[in-house]
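All figures in this text were calculated on a predicted structure; none of them were measured in a lab.
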Amino acid sequence: MSDLPKKVGFKWLDKLKKVKHIEIYVSVIFVAILLLIYMSSYSKKSSKKVADTGNEMMVTEYVDKLESDLEEILNGIGGVTNVKILITLDMGQADVTDSEINLNAFPPIKGVLVTAKGLNNTTTRMKVLHAIETVINISDGNIEILSRD
């Protein structure tokens, strides 16, 4: 049994035992490997950019898309111009990881604020209100319409 370390397969072990401070080298290599593993998983999470046509999109992209679509629609209503929209989401009910959610599970819309010119007329205000209710399926109590005139 004493001849076991002298065999060809164990010569590298003898050389390794002669290296000073081997524990430090092994520790540094181990930490470097852990950092590489951590950074590779971090870069996968941060580089996850999914197109609007995919199954997932960023929450901010979702809200921005809703706001721009509504602005375009409301600007098409007669007499309404310079529309600005703010949409808030009820994030308390959402399962959000890294600011991404499944399209089928976007959080519900909490409220909508609309400012525009040409909203002095009650009929026009009602058209805007009904358009928002129809497009995003939200009750009129959660919609605020303000005139810029």
Side-chain angles (χ1 to χ4, degrees), residues 1-77 80-119 125 127-148:
M1 282 253 192
S2 63
D3 292 339
L4 206 55
K6 306 271 185 204
K7 289 187 177 180
V8 177
F10 292 101
K11 285 185 182 179
W12 65 271
L13 189 59
D14 287 337
K15 289 181 183 179
L16 196 61
K17 287 181 182 178
K18 292 178 185 177
V19 175
K20 291 184 179 184
H21 307 293
I22 187 73
E23 299 88 10
I24 294 173
Y25 294 126
V26 170
S27 298
V28 168
I29 292 171
F30 181 71
V31 169
I33 291 171
L34 286 176
L35 282 173
L36 286 173
I37 291 171
Y38 174 75
M39 294 303 282
S40 68
S41 68
Y42 179 75
S43 66
K44 287 178 185 174
K45 289 179 184 176
S46 65
S47 68
K48 228 185 218 184
K49 182 73 174 164
V50 183
D52 291 295
T53 58
N55 286 337
E56 295 180 351
M57 68 186 331
M58 301 292 286
V59 176
T60 54
E61 291 174 353
Y62 168 68
V63 172
D64 290 344
K65 175 106 172 86
L66 281 176
E67 288 173 347
S68 66
D69 288 350
L70 270 174
E71 284 176 7
E72 185 178 329
I73 290 168
L74 298 180
N75 274 319
I77 295 176
V80 179
T81 59
N82 202 13
V83 176
K84 297 291 180 196
I85 295 181
L86 173 66
I87 294 178
T88 58
L89 302 177
D90 188 359
M91 298 303 284
Q93 297 179 9
D95 182 24
V96 181
T97 54
D98 296 329
S99 298
E100 292 189 7
I101 348 174
N102 190 324
L103 270 177
N104 298 327
F106 274 119
I109 294 172
K110 187 175 182 180
V112 177
L113 173 65
V114 178
T115 62
K117 290 186 177 182
L119 294 175
R125 277 183 183 259
K127 287 180 182 178
V128 168
L129 179 67
H130 290 299
I132 295 169
E133 286 177 324
T134 302
V135 170
I136 59 176
N137 194 22
I138 185 173
S139 71
D140 61 356
N142 295 334
I143 301 170
E144 185 67 35
I145 300 172
L146 302 174
S147 178
R148 288 185 172 199

| field | Point-to-point distance, once rounded to the nearest 0.5 Å, from CD1 of I143 to CZ of R125 | value | 13.0 Å
| query | CG/N142 to CG/D90 distance, rounded to the nearest 0.5 angstrom? | reply | 10.0 Å
| request: Would you give the length of the straight line joining atom CD of E72 to atom CD1 of I85, rounded to the nearest 0.5 angstrom? | output: 11.0 Å
| Can you find a heavy atom in the side chain of E67 that is under 4.5 Å from one in the side chain of L86? | yes
Hey, can you pull the donor-acceptor pairs under 3.5 Å for the side chains in residues 111-119, sequence neighbours left out?
{"residue": "T115", "atom": "OG1", "partner": "R148", "partner atom": "NE", "Å": "3.1"}
{"residue": "T115", "atom": "OG1", "partner": "R148", "partner atom": "NH2", "Å": "3.1"}

| For the atom pair CG (L66) and CD1 (I109), what is the distance rounded to the nearest 0.5 Å? | 5.0 Å
| message | Suppose we screen for side chain to side chain donor-acceptor pair (under 3.5 Å). Which residues come up paired with E144, at least two apart in sequence or across chains? | response | none
| query | Which heavy atom in E133 sits nearest to a heavy atom in S139, and how many Å separate them? | reply | OE2-C, 4.1 Å
| Residues forming a side-chain contact (heavy atoms from CB on, under 4.5 Å) with V135, sequence neighbours excluded | L70, I73
| task | Using side chain to side chain donor-acceptor pair (under 3.5 Å) as the criterion, list what pairs up with D69, not counting sequence neighbours. | result | K65
| request: Could you list the residues that satisfy salt bridge (charged side-chain N to carboxylate O under 4.0 Å, His left out) with D140, not counting sequence neighbours? | output: none
| query | Taking only residues two or more places apart in sequence or in another chain, which ones pass side-chain contact (heavy atoms from CB on, under 4.5 Å) with I33? | reply | I29, I37
| message | Testing the basics here: between N82 and N75, what is the closest heavy-atom pair and its distance to 0.1 Å? | response | N-OD1, 3.4 Å
| message | Rounded at 0.5 Å granularity, tell me how far CD1 in I132 sits from CD1 in I145. | response | 5.0 Å
